[in-house]
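To start, the structure under review is shown below, and the notes come after it.
Just so you know, residue 1 is the first one in the sequence shown, and it goes up from there.
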Amino acid sequence: AHNSFDFCGLWLLTGPNMAGKSSLMRSTLVAALLANCGLMMPASEATVPRYDAYFLRTASFDAPAEGKSSFAREMEDVSMMDAECTSRSLIMLDELGRGTSAREASAIAAALLERLDGRGMTAIFSTHLHELELLLTALPPIPSLARRRMQVIAQSDGGVRMSFEVEEGTCSDSLAIPAARASGVPPDLLARA
């Protein structure tokens, strides 16, 4: 799918599983990197600022040899991003906090969004942490934070189709059961779930 959007400041990007959040973030970062290198980028038209660094934080895995959980490795990355990125950096944080409780992950995410805003940073923060939205409504507004979601199209049979396009708003359903079904999880297990 083609996307056309203006991006600056902070985005809180939500959407169901398999809706294209991670792909959008990676392709946006790669397009910006290519443009900043003076190379052709996959866009019919774009104005891309000059970035001084690119930071992409995606899935983590445990590192038993180092005595670190996946969450500890995520937090190391956040620490590095905080120390090394500037207001001229492009930051992509994909589902930060998967390795801990939703309550604590949401608290860390909200504090991080406030910090990114306070430092004038450009970032997309994708999440399934629906608790984060509740927390953000209880805190003072974050001036540069825009809420975007991956569009989902309802089908006549009650199902959904992912359009892989960005729109304004917040998604509050991860659609985990349909994603599990599409991944081959046994129907009787899903019926029980």
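Side-chain atoms of Arg161 and Val152, non-hydrogen and from C-beta on, never get closer than 4.5 Å to each other. Residues Tyr51 and Thr122 meet the side-chain proximity criterion, which asks for heavy atoms closer than 4.5 Å. Here the side chains of Leu34 and Asn36 are not in contact, with every heavy-atom distance at 4.5 Å or above. Contact of the Leu12 side chain with the Leu132 side chain is registered, since non-hydrogen atoms from C-beta on lie closer than 4.5 Å. Using a 4.5 Å heavy-atom cutoff, the side chains of Glu74 and Arg57 are in contact. Residues Leu39 and Leu33 are not in side-chain contact: their nearest non-hydrogen atoms beyond the backbone lie 4.5 Å or more apart. When side chains are defined from C-beta on, Leu113 counts as touching Ile142, because their heavy atoms get closer than 4.5 Å. Residues Ile153 and Val160 are not in side-chain contact: their nearest non-hydrogen atoms beyond the backbone lie 4.5 Å or more apart.
Met40 forms part of no hydrophobic cluster, judged by ILVMFWY side-chain heavy-atom separations under 4.5 Å.
Annotation: the span from Cys85 atom SG to Asp52 atom CG amounts to 7.5 Å, rounded to 0.5 Å. Interatomic distance, CG of Asp117 versus CG of Leu112, reported as 11.0 Å (0.5 Å rounding). Interatomic distance, CZ of Arg98 versus OG1 of Thr100, reported as 13.5 Å (0.5 Å rounding). The CG atom of Asp82 sits 7.0 Å away from atom CE of Met121, with the distance rounded to the nearest 0.5 Å. Annotation: the span from Phe55 atom CZ to Leu93 atom CG amounts to 6.0 Å, rounded to 0.5 Å. Taken to the nearest 0.5 Å, the CG atom of Leu129 stands 11.0 Å off from the CG atom of Leu134.
Salt bridge status for Arg147 with Glu133: present, with a side-chain N to carboxylate O gap under 4.0 Å. At a threshold of 4.0 Å, the pair Arg73-Asp62 does not count as salt-bridged, since none of the basic side-chain nitrogens sits closer than that to a carboxylate oxygen.
No option in Cys171, Ser174, Ser172 other than Cys171 meets the side chain to side chain contact (heavy atoms under 4.5 Å, CB included) test with Pro16.
One hydrophobic cluster holds both Leu90 and Leu56 under the rule that ILVMFWY side chains link at heavy-atom gaps under 4.5 Å. At a threshold of 4.5 Å between side-chain heavy atoms, the hydrophobic network of Ile, Leu, Val, Met, Phe, Trp and Tyr places Val30 and Val166 in one connected group. By the criterion of side-chain heavy atoms lying less than 4.5 angstrom apart, applied directly or through intervening Ile, Leu, Val, Met, Phe, Trp or Tyr residues, Met18 is not grouped with Leu175; the two fall into different hydrophobic clusters. If you chain together hydrophobic residues whose side chains sit under 4.5 Å apart, Met81 and Tyr54 never meet in one group. Hydrophobic clustering of Ile, Leu, Val, Met, Phe, Trp and Tyr side chains at less than 4.5 Å, counting indirect connections, unites Leu10 with Ile108.
Listed by chain and number, the residues in a ring pair (Phe, Tyr, Trp, His ring centres under 6.0 Å) with Phe7 are Trp11 (sequence neighbours excluded).
At a cut-off of 3.5 Å, with distance as the only test, a side-chain donor of Ser101 or Glu104 sits close to an acceptor on the other residue.
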### Task
For side-chain contact (heavy atoms from CB on, under 4.5 Å), just list the numbers for Leu96 and Thr127, CA-CA rounded to whole Å, side-chain angles, deciding distance to a tenth of an Å, and then say yes or no.
CA-CA 7 Å; Leu96 192 69; Thr127 190; over 6 Å; no
### Task
Assess whether side-chain contact (heavy atoms from CB on, under 4.5 Å) is satisfied between Arg149 and Thr170, documenting all intermediate values.
CA-CA 5 Å; Arg149 67 180 173 217; Thr170 302; 5.5 Å; no
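Side chain of Ser183 to main chain of Ala179: a donor-acceptor pair is present (N/O by atom type, distance under 3.5 Å, no hydrogens or angles). Although no hydrogens or angles enter the test, the distance criterion places no donor-acceptor pair under 3.5 Å between the side chain of Arg148 and the main chain of Ile124. With Ser27 contributing its side chain and Leu24 its backbone, the two residues share a donor-acceptor pair below 3.5 Å. Under a 3.5 Å cut-off, the side chain of Lys21 and the backbone N or O of Met150 do not form any donor-acceptor pair.
In this structure, Ser163 and Gln151 approach most closely via the heavy-atom pair OG-OE1, 2.8 Å. The heavy-atom pair separating Phe125 from Ala109 by the smallest distance is CZ-CB, 3.4 Å. Residue Leu139 comes nearest to Ala110 through the heavy atom pair CD1-CB, 4.0 Å, listed as atom of the first residue, atom of the second, then distance. Between Thr14 and Gly169, the shortest heavy-atom distance links the atoms OG1-O, 4.3 Å. Of all non-hydrogen atoms in Met41 and Ala35, the two that sit nearest each other are SD-CB, 3.5 Å. The minimum heavy-atom distance between Ser126 and Asp94, with the atom names listed, is OG-OD1, 2.5 Å.
Residue Gln155 places its CD atom among more than 12 non-hydrogen atoms of other residues, nucleotides or ligands, all under 6.0 Å distant. Other residues, nucleotides and ligands place no more than 12 heavy atoms under 6.0 Å from the CZ atom of Arg103. Atom CG of Asp6 sits in a sparse spot, with 12 or fewer heavy atoms from other residues, nucleotides or ligands closer than 6.0 Å.
Among residue pairs with one or both ends in residues 175-193, none qualify as salt bridge (charged side-chain N to carboxylate O under 4.0 Å, His left out); sequence neighbours excluded.
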